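Accompanying notes for the structure given below.
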Amino acid sequence: MQVEIKGIIEGYAQGFFLMADESGILNWYSSHKRALIPLDDRFRYPKSLRRAINQERFQVAINRDFSAVVEGCADRETTWISPELKQIYKALYHAGWAYSFETWQEDRLAGGILGIVIGGAFIGESMFYQIPEASKVAMVKLVEYLRSRQFVFFDAQMNNPHLERFGAFIVTDKEYQTLLKKALKYRGSFI
């Protein structure tokens, strides 16, 4: 399969995202209500998670095992990450657009977040864990990392009760497009 990276990045840069339906057919989607993880003081996390962070049970890495993070994110009963989308993520990774933000316990991948970076936007595609608290620690450490890089926003695409615990909030498509324009002017880098 030949991946048209330029077209895919252009789609994300216009506010769309890729998902496969139940039959594995890949399509572009957008949302009138987009979930963002705050990069300011609205970000919060459960007190019980502070213990795992303070004990430094997990080490953080970027792209130490990108393929394993993609596989971990796709390994669920129902998934929007089809074999074709896995290939797209890997092509975007090799082209410098997709990243895995990972937590490790010694030599074991504990969890991670898969995302696409365009300018100052981190577009979270999925997350997973193999060890309890690992993906939550990855979320906290990723927010700290994005703050340190002055990123414009962290897109979670769709909200759920788990993300709400971290302060996730909804923006309209118009608000999202305004943030996206600002993010596209960002001149920093993810790594």
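Given the structure is predicted, the values throughout are model-derived calculations rather than measurements.
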Audit row: E133, R57, side-chain contact (heavy atoms from CB on, under 4.5 Å) steps and yes/no = CA-CA 10 Å; E133 310 290 4; R57 293 182 2 218; 4.1 Å; yes

*Start with the C-alpha distance between I116 and E125, add both sets of side-chain angles, then the distance that settles side-chain contact (heavy atoms from CB on, under 4.5 Å), and finish with yes or no.*
CA-CA 7 Å; I116 295 171; E125 293 288 293; 4.1 Å; yes

- Message: Is there a ring-ring contact (aromatic ring centres under 6.0 Å, His included) between W97 and Y89? Walk through the geometry before answering.
- Response: CA-CA 9 Å; W97 295 100; Y89 288 146; over 10 Å; no

* **Pair Y45-I53, side-chain contact (heavy atoms from CB on, under 4.5 Å): steps then yes or no** => CA-CA 11 Å; Y45 54 91; I53 293 168; 3.8 Å; yes

Worked check of side-chain contact (heavy atoms from CB on, under 4.5 Å) between V117 and I123: CA-CA 6 Å; V117 173; I123 303 164; over 6 Å; no

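Residues Y12 and L18 are in side-chain contact: their nearest non-hydrogen atoms beyond the backbone lie under 4.5 Å apart. In this structure, the side chains of M19 and M158 come closer than 4.5 Å at one or more pairs of heavy atoms. Residues I9 and I118 form a side-chain contact, since some pair of their non-hydrogen atoms from C-beta on lies under 4.5 Å apart. Residues M139 and F43 form a side-chain contact, since some pair of their non-hydrogen atoms from C-beta on lies under 4.5 Å apart. Using a 4.5 Å cut-off on side-chain heavy atoms (C-beta onward), I88 and L26 make contact.
I5 and A95 get closest at one heavy-atom pair: CD1-CB, 3.5 Å. Residue G7 comes nearest to E4 through the heavy atom pair N-OE2, 3.1 Å, listed as atom of the first residue, atom of the second, then distance. Across all their heavy atoms, S30 and F16 have their closest contact at CB-CD2, 3.7 Å. Listed here is the closest heavy atom pair of A52 and V137: CB-CG2, 4.2 Å.
Counted by atom type alone, E102 and S100 present one or more donor-acceptor pairs between their side chains at under 3.5 Å.
Looking at N63, its side chain never comes within 3.5 Å of a backbone N or O of Y99 through a donor-acceptor pair. Looking at E175, its side chain does come within 3.5 Å of a backbone N or O of T172 through a donor-acceptor pair. Formation of a donor-acceptor pair under 3.5 Å by the T103 side chain with backbone atoms of A110 is not found in this model. S31 places a side-chain N or O within 3.5 Å of a backbone atom of K33 that can act as its donor or acceptor partner. One N or O on the side chain of Q59 and one on the backbone of E106 form a donor-acceptor pair closer than 3.5 Å. A donor-acceptor contact shorter than 3.5 Å is absent between the side chain of Q105 and the backbone of R108.
By the rule that hydrophobic residues join a cluster once side-chain heavy atoms approach within less than 4.5 Å of another member, I62 and Y129 end up as members of separate clusters. With hydrophobic clusters built from ILVMFWY side chains whose heavy atoms lie under 4.5 angstrom apart, I113 does not share a cluster with F153. If you chain together hydrophobic residues whose side chains sit under 4.5 Å apart, I37 and V60 fall into the same group. Placement of L179 and L146 in two distinct hydrophobic clusters is found when ILVMFWY residues are connected by side-chain heavy-atom separations under 4.5 Å, directly or transitively. In the hydrophobic cluster analysis, where Ile, Leu, Val, Met, Phe, Trp and Tyr join through side-chain heavy atoms closer than 4.5 angstrom, L39 is grouped together with Y145.
Taking NE2 of H94 as the reference point, atom CG of L92 lies at 10.5 Å (rounded to 0.5 Å). Here the CZ atom belonging to R51 is positioned 10.0 Å from the CG atom belonging to L49, to the nearest 0.5 angstrom. Atom-to-atom distance recorded for F154:CZ and L142:CG is 4.5 Å, nearest 0.5 angstrom. One finds the CG atom of L109 at 4.5 Å from the CH2 atom of W104 (value rounded to the nearest 0.5 Å). The CZ atom of F17 lies 10.5 Å from the CH2 atom of W80; values are rounded to the nearest 0.5 Å. Here the CD atom belonging to Q130 is positioned 11.0 Å from the OG atom belonging to S135, to the nearest 0.5 angstrom.
Checked for salt-bridge contact, D107 and R64 meet the test: a charged N lies under 4.0 Å from a carboxylate O. Using a cutoff of 4.0 Å between basic side-chain nitrogens and carboxylate oxygens, E144 and R147 are not scored as salt-bridged. Ion pairing between R34 and D173 fails under the 4.0 Å rule for side-chain N and carboxylate O.
Within 6.0 Å of the CD atom in Q55, the count of heavy atoms belonging to other residues, nucleotides or ligands exceeds 12.
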Do any side-chain atoms of residues 160-171 form donor-acceptor pairs under 3.5 angstrom with protein atoms, and if so which ones, sequence neighbours left out?
| unit_1 | atom_1 | unit_2 | atom_2 | d |
| --- | --- | --- | --- | --- |
| N160 | OD1 | H162 | N | 3.0 |
| N160 | OD1 | L163 | N | 2.8 |
| E164 | OE2 | N159 | ND2 | 3.4 |

Sequence neighbours excluded and cut-off under 3.5 Å, please list the side-chain donor-acceptor pairs for residues 182-191, or say none.
| unit_1 | atom_1 | unit_2 | atom_2 | d |
| --- | --- | --- | --- | --- |
| Y186 | OH | R149 | O | 2.5 |
| S189 | OG | I191 | O | 2.9 |

When the side chains of residues 65-78 are checked against the rest of the protein, which donor-acceptor pairs come out under 3.5 Å, sequence neighbours left out?
| unit_1 | atom_1 | unit_2 | atom_2 | d |
| --- | --- | --- | --- | --- |
| D65 | OD1 | A68 | N | 3.2 |
| E71 | OE1 | K86 | NZ | 3.0 |
| R76 | NE | C73 | O | 2.8 |
| R76 | NH2 | C73 | O | 3.4 |
| R76 | NH2 | S126 | OG | 3.1 |
| R76 | NH2 | M127 | O | 2.6 |

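Between F122 and F151, the gap from one ring centroid to the other reaches at least 6.0 Å.
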